[in-house]
Each structure stands twice: as C-alpha cells, then as structure tokens.
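Throughout, a chain's letter reflects where its sequence line sits, starting with A, and its residues are numbered from 1.
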There are 2 protein chains.
Amino acid sequence: MGTVSKALNLLTYFNHGRTEIGLSDLTRLSGLNKATVFRLMTELQDCGFVEQANGDRAYRLGPQVLRLAALREASVPILSVSRRVLRDLSDETGETTHLSLLQGDQLNSLSHAYSRRHATKVMMEDAEVLTFHGTSSGLAVLAFADPGFVDGALNQPLAAHTNATVTDPNIVREQLGLIRTSGLAQSIGGFEADVHSHAVPIFGPNRDVIGALAVAAPVSRMSDQQKELIPAALRRAGAALISRIGGSAPASYPQAEPPHSN
Amino acid sequence: MGTVSKALNLLTYFNHGRTEIGLSDLTRLSGLNKATVFRLMTELQDCGFVEQANGDRAYRLGPQVLRLAALREASVPILSVSRRVLRDLSDETGETTHLSLLQGDQLNSLSHAYSRRHATKVMMEDAEVLTFHGTSSGLAVLAFADPGFVDGALNQPLAAHTNATVTDPNIVREQLGLIRTSGLAQSIGGFEADVHSHAVPIFGPNRDVIGALAVAAPVSRMSDQQKELIPAALRRAGAALISRIGGSAPASYPQAEPPHSN
DNA sequence: ACCAATGGTTCAAATAATGAACCGATAAGC
DNA sequence: GCTTATCGGTTCATTATTTGAACCATTGGT
C-alpha cells in the first residue's frame with residue numbers, strides 16, 4: 001500500500017462517534033507506527049484536511065474537505081438533486097426518507113428529509129455507515145451489486161443490531177433473490193427496533209448500483225394504506241432520482257411501467 | 001514536500017472551470033512527472049477521492065469527499081448554522097448573501113442564499129475562489145489577519161477583475177486601516193462590474209479571522225435606505241453567526257454595541 | 001514522588017517514490 | 001494513406017523518502 005493510501009485511510013477512522021482522534025488512538029486504530037502517523041497527520045494538516053481542535057490536542061477533519069465536496073457537487077450534483085426528491089417523498093409518505101451512497105466498500109447515509117406531518121419520526125444522521133445485511137438500503141444495494149461484492153459483504157460475521165436482525169448469510173441471500181424480482185427491499189426492525197424501512201436501489205450512468213433511496217417509518221404507523229403507498233411512492237421517487245442524475249437501471253431491474261407502444 | 005502533500009495538491013487543480021482533468025493536463029499543471037501523477041491519481045482513485053468520468057477518461061472528484069464533508073459538518077457545523085443566517089440576512093436585505101471561509105491561503109465562497117424579493121440578483125457559485133484585494137470579503141479578512149498573512153497576499157501581482165479593481169497594494173493597505181476602524185468592508189465593482197458588496201469578518205473560537213459574511217447587491221439598487229440597512233443587518237448577522245459557531249471577536253474589533261450596564 | 005499516559009522527535013536501515021524512455025491506440029495533419 | 005503528435009498507461013534502475021525502535025518533555029492520576 002502506498003503512502004497516500006495510508007494517509008487517506010487514517011481519515012476513515014473519523015465517524016460520528018469519533019469526530020476527534022488523538023495521535024495515540026490513531027496509532028492504535030491504524031496499527032501503524034506512531035512516528036508514521038504523526039508525519040502523515042502533519043502533512044494532512046498542512047493541506048487543511050485535518051486540524052487540531054484546541055491548541056495542541058486531538059485531530060479533527062479540516063475545512064478543505066468542504067471545498068472539495070462543493071466541487072464534487074458542482075460536477076456530480078447528486079446531493080442537491082436528491083434533496084428535492086427526498087423532500088417530495090417525505091411529504092408524500094409523511095415519513096423520514098434518506099439517500100445512501102456506496103463509497104468504496106461501505107454504504108453511507110448522506111442526505112435525508114423528515115416528515116412535516118408527524119411529530120414522532122425516525123431520526124437520521126448524515127455520514128452514518130449502514131450495514132448491508134441489516135438495513136433495507138443495504139439489501140437493495142446488495143441485490144443489484146455484482147456477486148463478488150456480495151460475497152465480500154456477507155463472508156464476515158454479520159452483526160445483530162436488534163434481535164430482529166437477520167445474521168445468517170444464507171437467509172440474506174434468499175432475501176436478495178426476492179428483492180431482485182420485486183425491485184424493492186424491506187427491513188422490519190433489522191437496524192433499529194420498531195422501524196419499518198423500504199428501499200430501492202439507485203443506478204448510475206453506467207448502470208451500476210451506486211446507492212439506495214429509503215423510507216423509514218415507525219412500525220406502529222404502517223397501516224395497510226401506507227404499505228401500499230410507500231412502495232409505490234418510493235419506486236416513483238427512485239426512478240425520478242435516477243433519471244435526474246443521468247443514471248439508468250440495468251435490464252435486470254424490474255420496470256414498474258414497461259414502455260408499451262400502441 | 002512529502003508524497004501525501006503532492007497527491008493532495010493535485011486535488012487543488014480542480015475548480016469550477018475545471019471539474020474534470022486528464023492525466024496529461026494534470027501533469028502539465030502540477031509540473032510533476034507523468035508516471036508520478038498517474039500513480040498518485042491511481043491511489044487517490046482507490047480511496048474514492050477521485051474517479052474516472054466515462055470509462056477511461058479524465059479524472060474528477062470522487063464520492064468519498066462527500067462523506068468527509070458530512071463528518072466535518074458534524075463536528076464543526078458552520079455550514080448548516082450559516083444557512084439560517086444567510087437565509088435571514090438575504091430576506092432582510094433583499095439581496096444575495098454568501099459566506100466565505102479561509103482555507104489555507106485562499107478564500108473560498110462556500111455557502112450562499114438568494115433574494116426572494118427581486119428577480120434580478122447577483123449570482124454566486126459555491127467553492128469559488130475569492131481574491132483578497134478585489135472582494136469585500138477578502139478585504140474584511142485581510143483587515144483582521146496577521147501582518148505576515150497580509151504581506152503574503154499583497155506581495156504578488158494583484159489581478160484587475162474589472163477596471164474598478166484596486167491593484168495598488170499601498171492603496172489596499174490604506175483601505176484595510178479604514179476597515180479595521182469601521183469593522184466593515186466594501187467593494188463597488190471591484191470583482192464584478194455593477195456589484196456593490198459589503199462584508200464583515202467572521203472570527204473563530206480562538207479569535208482568529210476564519211472567513212467573511214457578505215451581501216452583494218446590484219449597484220443600481222443601492223438606494224440611500226439600502227446603504228443604511230445593509231451594513232446594519234450585516235453587522236447583526238455577523239455577530240449572530242460568530243456566536244452560533246462558538247467564536248468570538250478579538251478586542252481590536254469595533255463592537256457595534258459596547259456592553260454597558262445599568 | 002511516582003507511574004503511565006500523552007504528543008512529539010531522532011536517525012540509521014529499509015522501502016517506496018521517481019523519471020526518462022517506451023507502448024499501443026487514437027486522432028489530427030498533410 | 002502515410003506521418004506525426006497526443007493521449008492514457010507502463011517499465012525499471014536510480015534515488016530519495018518513509019519507516020520504526022527508542023527517546024524526550026509534559027500532563028494527569030494515585
């Protein structure tokens with residue numbers, strides 16, 4: 001592994017639970033030598049990718065990442081496009097909606113919208129890591145990812161987030177088959193108890209799955225009416241988002257409305 | 001300069017005018033060897049910091065920067081906090097407002113809000129680089145930056161964006177003196193013709209200037225009333241933003257309302 | 001006063017980065 | 001239709017950078 005990868009990998013240890021990391025912690029987390037970590041962090045600091053919080057203390061992500069993110073949005077405006085879609089979907093379903101994107105081998109929740117109808121709602125955080133086996137978004141992605149990727153995701157111990165989480169890889173694979181034919185994934189209490197979530201995969205310009213769009217509702221609010229409305233609205237919103245970002249679904253993806261001439 | 005810095009510096013060649021860069025162009029821009037650039041870009045690509053646009057073509061920024069930016073916002077939520085302030089300031093003044101942040105030795109416009117009152121307005125782009133001598137934001141920052149930084153910014157040829165741009169460093173320094181006593185910078189047509197902009201500096205937790213908050217209006221709309229309202233509203237908004245991000249102005253900053261007891 | 005952390009530093013040894021030349025493919029120039 | 005230039009990508013001996021064990025100086029806990 002090259003030096004640059006090592007440095008950038010250090011950045012992956014930052015997450016919502018750990019927004020600041022000290023030198024020693026980072027050394028332990030990465031398994032690298034302390035002098036190495038120090039030099040890499042110093043260099044990252046010089047470039048503005050990290051900064052030291054209070055005088056001489058722990059490191060946290062720096063301001064430079066904001067500039068890059070703004071430029072990424074300028075060239076591939078998926079987040080700004082998704083905001084409208086999420087807002088509309090949230091208004092239509094009355095529930096929390098979120099978009100997650102595949103980044104390397106992990107799935108990150110990156111944008112969300114809340115219901116304006118109900119006081120109680122499922123709460124979300126951006127940049128949260130979603131597991132593939134335990135969330136509807138993860139399942140939607142796996143169902144349309146290539147087999148090697150699926151193996152990589154399932155050939156490791158699957159954590160049980162709740163006692164409803166499916167942790168048997170064989171059962172997960174069965175679910176994926178059903179999702180492939182229906183085009184829609186569900187998870188009832190698999191990630192957080194009492195949350196029923198639906199998700200559809202999002203495809204990029206080269207027909208690869210790049211993430212998932214999801215609706216997360218409290219189980220208690222899933223009336224028969226909602227069980228019809230949410231999947232329908234989600235399919236529509238997914239198709240809208242895919243077309244807005246210039247993506248297209250692969251031939252294997254079940255089309256809601258096959259184009260028929262007459 | 002270390003390898004990591006070289007790799008990260010490659011990312012600085014991306015901007016709004018150049019969201020995609022080919023290998024050869026990047027080689028010329030950076031002055032590095034082509035093999036070096038290739039290897040660095042490959043590594044950046046492996047980490048998701050860049051990606052290749054269409055099959056095998058030019059590079060553009062990758063999705064990983066979005067995750068980092070979301071985490072940065074989680075630890076230092078200046079952008080989300082600023083959005084409200086910008087929205088309110090824009091509504092109050094009826095003009096375009098924007099926030100720029102100092103990143104390394106450059107000033108980037110990172111968030112903005114448009115007027116909902118007028119059809120014509122000054123347009124903005126996020127992640128745009130602002131010059132220090134030619135914009136009100138730049139002047140506001142320089143006026144409260146340390147002398148070494150000011151020298152670095154002014155001891156180089158100052159570009160003329162319009163024929164109203166002040167390019168004489170001595171005159172700029174005079175302006176800085178006035179800004180220090182008033183606490184507010186102005187630029188009439190210095191960056192774009194027919195745009196009158198006002199700006200106030202934004203200070204961080206350690207009393208250093210970290211950016212500027214600005215209002216940009218068409219010259220034609222700067223009535224006497226607006227000339228009073230905008231500075232007043234801007235000062236209020238600046239103070240609000242500073243307090244919301246846990247910052248504080250240095251003692252040298254002229255306080256709008258000196259706290260007086262009784 | 002001690003011990004165990006922390007962030008930061010040193011320097012010889014080991015390793016990874018470098019750059020000139022080279023490839024095959026594509027596209028422009030004549 | 002032949003030549004030439006440019007593109008993204010690759011090779012490999014030379015070179016310069018990274019590495020890691022040990023070492024400081026501070027800090028905070030007992």
Next on the checklist: I need the CZ-C1' distance between Phe38(B) and dG8(D), as an integer number of Å.
Outcome noted: 8 Å
Item to check | Pairwise distance CG(Leu241(B)) to CD1(Ile210(B)) - rounded to 0.5 angstrom | outcome: 7.5 Å
Next on the checklist: Check this one for me: any side-chain N or O of Gln45(B) less than 4.0 Å away from OP1 or OP2 of dG9(D)?
Outcome noted: no
Checklist entry - Between atom NZ in Lys6(B) and atom C1' in dG19(C), what is the gap in whole Å? => result 11 Å
Next on the checklist: Please confirm whether the shortest side-chain N or O distance from Ser24(B) to OP1 or OP2 of dT6(D) is below 4.0 Å.
Outcome noted: no
Checklist entry - Tell me: CG of Leu26(B) to C1' of dC7(D), nearest whole Å? => result 14 Å
Next on the checklist: Could you tell me how far apart Asp25(A) (CG) and dG8(C) (P) are, to the nearest whole angstrom?
Outcome noted: 13 Å
Checklist entry - For Lys34(A) and dA5(C), what is the distance between atoms NZ and P respectively, to the nearest whole Å? => result 12 Å
Checklist outcome for this item: Closest of dG19(C), dA21(D), dG8(C) to the Thr36(B) side chain is dG19(C)
Next on the checklist: From the set dT6(C), dG8(C), dT10(C), return the single nucleotide nearest to any side-chain atom of Ala35(A).
Outcome noted: dT10(C)
Next on the checklist: Nearest to the Thr3(B) side chain among dT9(C), dA17(C), dA20(C), which nucleotide is it?
Outcome noted: dA17(C)
Checklist entry - Considering only dC22(C), dT6(C), dG19(C), which nucleotide approaches the side chain of Asn33(B) most closely? => result dG19(C)
Checklist entry - So, Ser80(A) versus Glu73(A): side-chain donor-acceptor pair below 3.5 Å or not? => result yes
Item to check | Point-to-point distance, once rounded to the nearest 0.5 Å, from CZ of Arg67(B) to CG of Leu110(A) | outcome: 9.0 Å
Checklist outcome for this item: When rounded to whole Å, the CE to P distance for the pair Met1(B) and dT18(D) reads 11 Å
Item to check | Given DNA chain C, 5'-ward residue of the pair Tyr59(A) and Gly2(A), judged by closest heavy atom | outcome: Tyr59(A)
Checklist outcome for this item: Whole-Å distance, Leu40(B) CG to dT18(D) C1', equals 15 Å
Checklist entry - Between Glu128(B) and Thr135(B), is a side-chain contact (heavy atoms from CB on, under 4.5 Å) present by the stated rule, with each step listed? => result CA-CA 12 Å; Glu128(B) 189 175 9; Thr135(B) 67; over 6 Å; no
Checklist entry - Between dC11(C) atom P and Arg39(A) atom CZ, what is the distance in whole Å? => result 16 Å
Checklist entry - For the residue pair His161(A) and His133(A), does the interplanar ring angle fall in the parallel (under 30°), tilted (30 to 60°) or perpendicular (over 60°) class? => result parallel
